[in-house]
Chemist: 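Once you've had a glance at the structure underneath, I'll fire off some questions.
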Amino acid sequence: MRITVDIDDSEMKRIQQYTGQKKKSPAVSQALADYLKSQERRRFVAKVLAGKTDYSATNEELEAQDRYETR
């Protein structure tokens, strides 16, 4: 899908540096995908910590699945 978005030049440079992408479209696409993945991780961890899931996996299994984020 194509869209037009106004992004501040300094923010665009930061996005490109963060993603390692030289071109703008791939940088924005990767940054958005990374953001969505991060949000999914946070929601998953919140559910696990609240006991709202029957997900039974060891830390090693979670790490292997890249399912949680360390701080």
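As the structure is a computational prediction, the values presented were derived from the model and not from experiment. Just so you know, residue 1 is the first one in the sequence shown, and it goes up from there.
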Chemist: I need the Lys13 NZ to Gln17 CD distance, nearest 0.5 Å.
Modeler: 8.5 Å

Chemist: Output the rest of the hydrophobic cluster of Tyr35: all Ile, Leu, Val, Met, Phe, Trp and Tyr residues reachable through side-chain heavy-atom contacts under 4.5 Å, sorted by chain and number.
Modeler: Leu32, Leu36

Chemist: Give the other cluster members for Met12, using side-chain heavy-atom distances under 4.5 Å between Ile, Leu, Val, Met, Phe, Trp and Tyr residues; answer none if it is isolated.
Modeler: Met1, Ile3, Val5, Ile7, Ile15, Val28

Chemist: How long is the gap from CZ on Arg14 to CD on Glu11, to the nearest 0.5 Å?
Modeler: 6.5 Å

Chemist: Nearest 0.5 Å, please: how far is NZ in Lys24 from CD in Gln16?
Modeler: 6.5 Å

Chemist: Got a second to check how far Gln30's CD is from Ser25's OG, nearest 0.5 Å?
Modeler: 13.0 Å

Chemist: Checking Ser10 now: which residues fulfil side chain to side chain donor-acceptor pair (under 3.5 Å) with it, not counting sequence neighbours?
Modeler: Asp8

